[in-house]
Participant: 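First the structure, which I've put down as structure tokens, then a few questions once you've had a look.
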Protein chains: 2
Amino acid sequence: MIEPKPVPIRERTRRLAQTELTSVAQDLFLAQGYEDTTVDQIAAAAGMSKRTFFRYFPSKDDLVIGKYDLFADRMAEALDARPEDEPVWQSLRRVFDITLDYVEDPHQRARNEAMEEIVRSTPQLHARYLEKMQRVQQLLIGRVATRLTGQDAPTSDPAPAAIVGAAFACMQAAHQAWSTSDKNEPFGRYLDRAMATIRVDETTRTL
Amino acid sequence: MIEPKPVPIRERTRRLAQTELTSVAQDLFLAQGYEDTTVDQIAAAAGMSKRTFFRYFPSKDDLVIGKYDLFADRMAEALDARPEDEPVWQSLRRVFDITLDYVEDPHQRARNEAMEEIVRSTPQLHARYLEKMQRVQQLLIGRVATRLTGQDAPTSDPAPAAIVGAAFACMQAAHQAWSTSDKNEPFGRYLDRAMATIRVDETTRTL
DNA sequence: GCGAAGTTGGCACTCAGTGCCATGTGAGGC
DNA sequence: GCCTCACATGGCACTGAGTGCCAACTTCGC
């Protein structure tokens, strides 16, 4: 007997409602801007009340920013999948490969880029985006620390955090450079270049 | 004839009111937490109306986070003061020296650390803090870019942003490690260690 | 003393977000 | 078919941040 539904019905309708909300909200944001769109408007456009909206998203911000949570798990998994003896810097470079999500549909692609622009240009969203990224880094720092020391116990060595932070800075820099370019060159090339400017000392230090 | 007042009276009373507000607000935050303290309470404790509070600070967040703006200017100045031919990584290390503001009064010192803890543990404040730091980095990136290329024109080279971002990541990592330590060793030592794990390629690339 | 400019408080308003409750509605047990 | 339980929903009232507006007051130059 096969297990028919590991994901229950309730959960699936819930996700359906969430994607629906996200979709109509994006339309509104792109048309009239993030701050000039009220939660009431979004809820009405999706055919529900404001009260119900907040049962699907904890805040208006999360409607936009929430997707970066999945991101965190995917990156942690990706790092775990790298071979133990690979240099950490190279592992991180490989982990960033998953950020290159190939969206085929050019329409959808344009939408995503427009939403990124909204996040970048809305201070409140940008702030929350940075905070999410910080959380992703925390996940990776623990893993890098165990790799470098071979121990699970967290030390007061700033090296793992420095390395992970530097890698993310490179990703950020590459993304910035790429998105303002003509986009003929692939993003991965920019990432390689950014990460090549930095060399990491992987020596284990016992403090 | 000497210029008697380059800073007009209005401006000084304004700053006085701001520091007064900051002081009473900190008392309240430390006593009952940031989120459980309303602007009305702060304003009342400082003997003014909520409406007037918002004439001194654009938001409740800025009361806590605003000081990091001065920070940005000081760091930009500090970088400009470094010799042209000094390696960039070393210049950045020197720039971070100004973050070690030696507060003699142990009472004031404890207060500052408690406020830092509030920022760290309040997601909304932490997010805004990260965004401020991002702005500081933008200021420095332009200067580093000119140093590396010798040109004023911004290029699409991700290297300057990567280097500055990596340096800030090191500072962040060092700060984290130091603040959870017993604080016998000075912060500067942690900073040295964090920044020593990373080596930077300062070769100019023309893209 | 007088007018202009700036400061303040109060009021009413918008919008995000929450607690509470009453009303659906679908699935399963009998 | 009917009943019940679990959950979803909407509505309402509320708090708290932040803003526009106006009327009263203070301060400063003349």
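A note on names: the letters A, B, ... follow the listed sequences, proteins ahead of strands, and every chain is numbered from 1. If you're wondering where the values come from, they're calculated on a predicted model, not measured in any experiment. All values below come from the heavy atoms of this structure, side chains included, with hydrogens, waters and symmetry mates left out.
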Participant: What integer distance in Å separates A:Phe54:CZ from D:dG10:C1'?
Facilitator: 15 Å

Participant: Is there a donor-acceptor contact under 3.5 Å linking the side chains of A:Asp62 and A:Tyr56?
Facilitator: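 Absent: no donor and acceptor within the cut-off.
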
Participant: Would you find more than 12 non-hydrogen atoms of other residues, nucleotides or ligands less than 6.0 Å from B:Gln108 atom CD?
Facilitator: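 Yes, enclosed.
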
Participant: Ignoring the backbone of A:Lys50, work out which of C:dA16, C:dG10, D:dA17 is nearest its side chain.
Facilitator: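 Among the listed nucleotides, the one closest to the side chain of A:Lys50 is C:dA16.
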
Participant: Test for a donor-acceptor pair under 3.5 Å between the base of C:dG19 and the side chain of A:Arg51, counting only N and O atoms.
Facilitator: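 Between C:dG19 and A:Arg51, which were checked side chain against base, a qualifying N/O pair under 3.5 Å is present.
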
Participant: Figure out the CZ/C1' separation between B:Arg12 and C:dT7, and round it to whole Å.
Facilitator: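 About 18 Å, once rounded to whole Å.
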
Participant: Could you check how far CG of A:Asp40 sits from P of C:dG17, rounded to whole Å?
Facilitator: 12 Å

Participant: Rounded to the nearest angstrom, tell me the gap between atom CZ in B:Arg128 and atom C1' in D:dG18.
Facilitator: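 From B:Arg128 CZ to D:dG18 C1': 13 Å.
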
Participant: Let me confirm one number: the CG-CZ distance from B:Leu130 to B:Arg128, rounded to the nearest 0.5 Å.
Facilitator: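 Separation between the atoms: 11.5 Å.
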
Participant: In whole Å, I'd like the distance from the CD1 atom of B:Ile42 to the P atom of D:dG18.
Facilitator: 10 Å

Participant: Taking the cut-offs as 6.0 angstrom to the six-membered ring centre and 45 degrees off its axis, would you call B:Arg193 and B:Tyr190 a cation-pi pair?
Facilitator: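 Yes, B:Arg193 lies over the aromatic ring of B:Tyr190.
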
Participant: Round to the nearest Å and state the distance from A:Phe53 atom CZ to D:dA8 atom P.
Facilitator: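 Answer to the nearest Å: 17 Å.
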
Participant: Return yes when atom CZ of A:Arg14 has more than 12 non-hydrogen atoms of other residues, nucleotides or ligands closer than 6.0 Å, and no otherwise.
Facilitator: yes

Participant: Would you check if there is a donor-acceptor pair between the side chains of A:Ser91 and A:Arg147 at a distance under 3.5 Å?
Facilitator: yes

Participant: Take the protein atom CD of A:Gln41 and the nucleotide atom C1' of C:dT14, then report the distance between them rounded to whole Å.
Facilitator: 12 Å

Participant: Which sits closer to the 5' end of DNA chain D, B:Thr38 or A:Thr52, going by the nucleotide each is nearest to?
Facilitator: A:Thr52

Participant: Using a cut-off of 4.0 Å on non-hydrogen atoms, how would the nucleic acid contact of A:Thr13 be classed: base, sugar-phosphate, or nothing?
Facilitator: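 No contact.
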
Participant: Specify the residues of residues 55-70 of chain A, ordered by number, for which at least one heavy atom lies under 4.0 angstrom from an atom of DNA chain D.
Facilitator: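 Of all residues in residues 55-70 of chain A, the ones placing a heavy atom under 4.0 Å from DNA chain D are A:Arg55, A:Tyr56.
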
Participant: To the closest 0.5 Å, what do you measure between OG (B:Ser23) and CZ (B:Arg111)?
Facilitator: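 The distance works out to 5.0 Å.
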
Participant: Could you check how far CD of A:Glu35 sits from P of D:dG18, rounded to whole Å?
Facilitator: 12 Å

